[in-house]
Amino acid sequence: MTVATLDGQTQLVGILGWPVAHSLSPTMHNAAFAYAGLNWRYVPLPVQPGHNLDAALKGLVALGFRGANITVPYKVDAIPLLDSITEAVTIVGAVNTIRIDHNTGKIEGMNTDMTGFLADLAQNRVSMGKNTRALILGAGGAARAIAAGLVRSGAHVTIVNRTVTKAEAIVGFIRSSWANPDINAVSMEDLSMVAWDANLIVNATPVGMWPDTETSPWPERVPFPPGAVVYDSIYRPLKTKLMRQAEAAGLRAVGGLGMLVYQGASAYEVWTGKKAPVDVMKLVCQQALMEDSRPGPF
Ligand code: NAP
């Protein structure tokens with residue numbers, strides 16, 4: 001790989017959020033740019049909560065940035081500050097990628113978390129559609145994108161969360177966006193009542209994430225539904241306790257690295273107009289995760 005010289009022609013993108021110091025995205029995107037021979041760079045853009053998100057976005061436009069990923073805690077707050085949003089942002093209710101038009105300076109918001117999750121399911125040949133009965137554990141930003149994607153595919157979705165009102169809020173939001181979506185919410189205490197006939201279980205909580213790698217969001221007392229696929233959106237560690245539990249019970253388990261890579265690949269393609277080197281992006285992330293077990297958002 002030849003890294004293009006940083007000069008007046010260098011095109012800039014980055015990740016805007018707080019904290020972003022431990023993000024894998026700069027490693028992933030800079031490796032992709034170098035592999036493709038593009039004179040582009042991806043930089044961390046830390047913006048402290050309470051500081052001016054609007055000014056930060058306008059600053060990116062003024063500095064000629066081509067776009068950015070938007071991460072925690074700005075995925076919802078950024079939406080009203082954008083010039084336009086895609087349908088995915090509307091149905092998820094969160095933005096994770098912006099593209100800045102080089103000529104007009106207008107900012108378009110999109111959501112590649114949803115498409116990244118769906119692309120990784122497809123890559124792993126996990127079927128989704130009207131025969132899918134999915135349980136999503138958690139009701140935060142990731143759960144919202146995953147639920148929207150699964151509902152769009154025609155799946156029946158149950159969101160299971162410790163705080164049931166948060167799960168109900170996602171259900172209410174999705175019901176307001178679709179005609180007759182097949183989605184409902186239950187409390188984590190009622191997991192055993194809904195678990196038995198699920199064929200896809202998705203962890204969208206941080207339970208099991210480094211450094212708490214011996215924790216799992218799936219209670220030992222609840223049997224896994226036979227034949228289900230378990231998808232853990234966590235990618236640090238690459239194999240979580242939930243994945244180990246599922247495999248021990250004879251289930252197939254898939255980790256969340258592919259979701260990270262595919263959401264990044266979509267953003268890369270939106271910014272550069274070129275096909276993303278997905279295999280390179282995945283490989284550098286795997287290497288970084290094997291060498292470095294620091295916690296942090298992507
Ligand atoms: P979030 O908005 O903070 O939501 C976290 C959810 O997990 C909340 O619903 C919370 O429940 C629940 N939760 C937290 N701790 C829990 C515990 N000890 N027991 C039970 N439930 C608990 O976080 P997020 O942005 O959705 O991210 C969630 C995870 O998804 C992250 O940790 C990350 O690993 C993963 N993720 C992966 C990707 C990817 O590309 N692979 C992308 C995004 C996120 P309450 O509502 O009760 O507080």
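One is the number of the first residue; the rest follow in order along the sequence. None of the values given here were measured: they were computed from a predicted structure. All ligand and atom numbering here is 1-based and tracks the order in the structure.
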Intermediate values then yes/no, salt bridge (Lys or Arg N to Asp or Glu O under 4.0 Å), Arg244 and Glu214: CA-CA 10 Å; Arg244 287 184 271 125; Glu214 286 311 310; 3.3 Å; yes

Working for side chain to side chain donor-acceptor pair (under 3.5 Å), residues Asn124 and Tyr231: CA-CA 10 Å; Asn124 284 284; Tyr231 188 99; 6.0 Å; no

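Linking Ile, Leu, Val, Met, Phe, Trp and Tyr whenever their side-chain heavy atoms come within less than 4.5 Å leaves Leu53 and Trp18 in two separate clusters. Note on Val43: it does not cluster hydrophobically with Met28, by side-chain heavy-atom contacts below 4.5 Å among ILVMFWY residues.
Any N or O atom pair closer than 3.5 Å counts here, and Val72 shares no such pair with ligand 1. Between Lys75 and ligand 1, not a single N/O pair is under 3.5 Å apart. Inclusion of Ser233 in the set of residues having an N or O under 3.5 Å from an N or O of ligand 1 is warranted. Where the criterion is an N or O separation shorter than 3.5 Å, residue side chain and backbone included, Arg162 meets it with respect to ligand 1.
With a 4.0 Å cut-off on non-hydrogen atoms, Val207 touches ligand 1 through its side chain and not its backbone. Contacts between Asn161 and ligand 1, counted as non-hydrogen atom pairs separated by less than 4.0 Å, involve the side chain only. Counting heavy atoms closer than 4.0 Å to ligand 1, residue Ala145 contributes nothing at all. Of the heavy atoms in Met259, both backbone and side-chain atoms come closer than 4.0 Å to ligand 1. Contacts of Phe117 with ligand 1, taken as heavy-atom pairs under 4.0 Å, are absent altogether. Counting heavy atoms closer than 4.0 Å to ligand 1, residue Met209 contributes side-chain atoms (C-beta onward) but none from N, CA, C or O.
With 3.5 Å as the limit, one finds a donor-acceptor pair spanning the side chains of Ser216 and Gln245. Looking only at atom types and distance, the side chain of Asn39 has a donor-acceptor partner in the side chain of Thr10 under 3.5 Å away.
Atoms of ligand 1 found under 4.0 Å from any heavy atom of Gly140, numbered from 1 in the order shown, are 1 (P), 2 (O), 4 (O), 9 (O), 26 (O). Interface atoms of ligand 1 facing Ile234, defined by a heavy-atom separation under 4.0 Å, are 34 (O). Remark: ligand 1 atoms within the under-4.0 Å shell around heavy atoms of Tyr235 are 41 (N). Residue Gly256 has at least one heavy-atom neighbour below 4.0 Å for each of these atoms of ligand 1: 41 (N). When each atom of ligand 1 is checked for a heavy atom of Leu260 under 4.0 Å away, the hits are 39 (C), 40 (O), 41 (N). In summary, the atoms of ligand 1 found under 4.0 Å from a heavy atom of Thr163, numbered by their order in the structure, are 45 (P), 46 (O), 47 (O). Numbered from 1 in the order shown, with element, the atoms of ligand 1 that lie under 4.0 Å from a heavy atom of Gly138 read 9 (O).
Nearest residue to atom 9 (O) of ligand 1 from Ala143, Ser25, Ala139 is Ala139 (criterion: closest heavy atom). Distances from atom 32 (O) of ligand 1 to the heavy atoms of Gly255, Ser216, Ala94, Pro206 put Pro206 nearest.
Taking the six-membered ring for Trp and the full ring otherwise, His29 and Trp40 have centroids separated by 6.0 Å or more.
Arg41 forms no cation-pi arrangement with Phe33, by the criterion of a distance under 6.0 Å to the ring centre and an angle within 45° of the ring axis.
The shortest non-hydrogen separation linking Ala204 to Ile136 is CB-CG2, 4.1 Å.
Of the possible donor and acceptor atoms, one in the side chain of Asn30 sits under 3.5 Å from a partner among the backbone N and O of Pro26.
Heavy-atom separations between Pro217 and ligand 1 are all 4.0 Å or longer.
A side chain to side chain donor-acceptor pair (under 3.5 Å) with Lys75 holds for exactly one of Asp113, Asn111, Asn96; it is Asp113.
Heavy atoms of other residues, nucleotides or ligands lying less than 6.0 angstrom from CH2 of Trp178 number more than 12.
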